[in-house]
Amino acid sequence: MIKHFLQFSDFTLDEFDYVMERSRLIKRKFKNYEPHHTLTDRTLVMVFEKNSTRTRLSFEAGMHQMGGAAIYLNTRDSQLGRGEPVEDAAQVMSRMCDVIMIRTFGQDIIERFAANSRVPVINGLTNEHHPCQVLADVFTFIEQRGSIAGKTVAWIGDANNMLYSWLQAAQVFGFHVNVSTPAGYPIDMSLVAADNQRYTVFAHPSDACVDADLVTTDVWTSMGFEEENAARLKAFDGWIVDAAKMQRAHPDALFMHCLPAHRGEEVAAEVIDGPQSVVWDEAENRLHVQKALLEYLVIGKLT
Ligand code: CP
Ligand code: NVA
């Protein structure tokens, strides 16, 4: 049975604890310029059907730093853009490499791909999930504040891929998510586990921030939904994370954003560029946690 990371709930708490521990080791070695060549001669194929800066860079640099190689494919330049079935692409790609990362549209596409792959498949973002980002975010929270169990995360903004990965992470790690999305943009209940009691919905974003240990948001218009941008700008008016909202949270609350951000839309410059913001650590930690993730999926637990 091949292990994939297609959504956050694919791993148990034990597996995350292991990956987090490896991430800390890998980060420490990276900072000390110590080699960590656990994936020598291994190859990662990265398939991008949407744009990326952080995801491509962190996976590509990560494989290089572990002694392996990464190959970048996108829809435009590959046969995927000319209608080759994902099932066929998965068969072929997985015979030539050791692990595959995909950024695509519907979750069904990556599920179909994984079902036809001989090697582990990692979700580098779909419309429904962004598990690698939330892995980095939880790692960042723990690094800054210790255990996340029992803490409160305020999600302010769109009901998007990041939110659904946060809701899954809340179940695994035992924290709570206060969610506030504008009217007309509710949580899609088909993407939330029926037994998930780790979240509360608030009509007003300021109320969702009360006593939060972490306030987080994301773009109002995700990739693939660009034609909705004008309507969303109107509907999301009032959902900006600004200093007034941060003041409702704990005085030592952190601010996170997966980036790229739009200052003056979902977040005020005073917050993202302010002292509570850990967005640059969050971005850097993509590198460290994904190296640990790649290592775990390709060679398993190292004793
Ligand atoms: N946060 C994130 O996934 O960034 P990219 O879109 O630049 O990869
Ligand atoms: N929700 C955003 C995240 C980008 C990293 C999107 O899907 O475009």
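Order of appearance sets the numbers: ligands from 1, and atoms from 1 within every ligand. Just so you know, these numbers come straight off a predicted model, no measurement behind them. Numbering of residues begins at 1 and proceeds along the displayed sequence.
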>> Going by side chain to side chain donor-acceptor pair (under 3.5 Å), name the pairs with one or both residues in residues 194-206, residues two or more places apart or in two chains.
In response: Gln171-Asp195, His176-Thr200
> Should the pair Asp10-Lys3 be classified as a salt bridge under the 4.0 Å nitrogen-to-oxygen rule?
Replying inline: no
> Does the distance from a Lys or Arg side-chain N to an Asp or Glu carboxylate O, for Glu87 and Arg112, drop under 4.0 Å?
Replying inline: yes
Under 3.5 Å, N/O to N/O: give me all the pairs between ligand 2 and the protein, one per line with atom names and distance.
unit_1: ligand 2; atom_1: 1 (N); unit_2: Asn160; atom_2: ND2; d: 3.3
unit_1: ligand 2; atom_1: 1 (N); unit_2: Asn161; atom_2: OD1; d: 2.9
unit_1: ligand 2; atom_1: 1 (N); unit_2: Asp218; atom_2: OD2; d: 2.6
unit_1: ligand 2; atom_1: 1 (N); unit_2: Ser222; atom_2: OG; d: 2.8
unit_1: ligand 2; atom_1: 7 (O); unit_2: Asn161; atom_2: ND2; d: 2.8
unit_1: ligand 2; atom_1: 7 (O); unit_2: Ser222; atom_2: OG; d: 3.4
unit_1: ligand 2; atom_1: 8 (O); unit_2: Met223; atom_2: N; d: 2.8

> What pairs of residues pass the ring-ring contact (aromatic ring centres under 6.0 Å, His included) test when at least one of them lies in residues 105-133, not counting sequence neighbours?
Replying inline: none
> Is the ring centre of Phe16 less than 6.0 Å from the ring centre of Phe8?
Replying inline: yes
Which pairs of N or O atoms, one from ligand 1 and one from the protein, are separated by less than 3.5 Å, and what is the distance for each pair?
unit_1: ligand 1; atom_1: 1 (N); unit_2: Gln133; atom_2: OE1; d: 3.0
unit_1: ligand 1; atom_1: 1 (N); unit_2: Cys258; atom_2: O; d: 2.9
unit_1: ligand 1; atom_1: 1 (N); unit_2: Leu259; atom_2: O; d: 2.9
unit_1: ligand 1; atom_1: 3 (O); unit_2: Thr55; atom_2: OG1; d: 3.1
unit_1: ligand 1; atom_1: 3 (O); unit_2: Arg103; atom_2: NH2; d: 3.0
unit_1: ligand 1; atom_1: 3 (O); unit_2: His130; atom_2: NE2; d: 2.9
unit_1: ligand 1; atom_1: 3 (O); unit_2: Arg286; atom_2: NH1; d: 3.1
unit_1: ligand 1; atom_1: 4 (O); unit_2: Arg54; atom_2: NE; d: 2.8
unit_1: ligand 1; atom_1: 6 (O); unit_2: Arg103; atom_2: NH1; d: 2.8
unit_1: ligand 1; atom_1: 7 (O); unit_2: Thr53; atom_2: N; d: 2.7
unit_1: ligand 1; atom_1: 7 (O); unit_2: Arg54; atom_2: N; d: 2.8
unit_1: ligand 1; atom_1: 7 (O); unit_2: Arg54; atom_2: NE; d: 3.1
unit_1: ligand 1; atom_1: 7 (O); unit_2: Arg54; atom_2: NH2; d: 3.0
unit_1: ligand 1; atom_1: 8 (O); unit_2: Ser52; atom_2: OG; d: 2.7
unit_1: ligand 1; atom_1: 8 (O); unit_2: Arg54; atom_2: N; d: 3.4
unit_1: ligand 1; atom_1: 8 (O); unit_2: Thr55; atom_2: N; d: 2.8
unit_1: ligand 1; atom_1: 8 (O); unit_2: Thr55; atom_2: OG1; d: 2.7
unit_1: ligand 1; atom_1: 8 (O); unit_2: Arg103; atom_2: NH1; d: 3.4
unit_1: ligand 1; atom_1: 8 (O); unit_2: Arg103; atom_2: NH2; d: 3.3

Any side-chain donor-acceptor pair under 3.5 Å between [X] and [Y]?
X: Asn161; Y: Gln133; answer: no
X: Tyr72; Y: Glu60; answer: no
X: Thr126; Y: Gln107; answer: yes

> Can Glu143 and Lys27 be said to form a salt bridge (Lys or Arg N to Asp or Glu O under 4.0 Å), step by step?
Replying inline: CA-CA 11 Å; Glu143 193 176 46; Lys27 181 170 184 174; 2.7 Å; yes
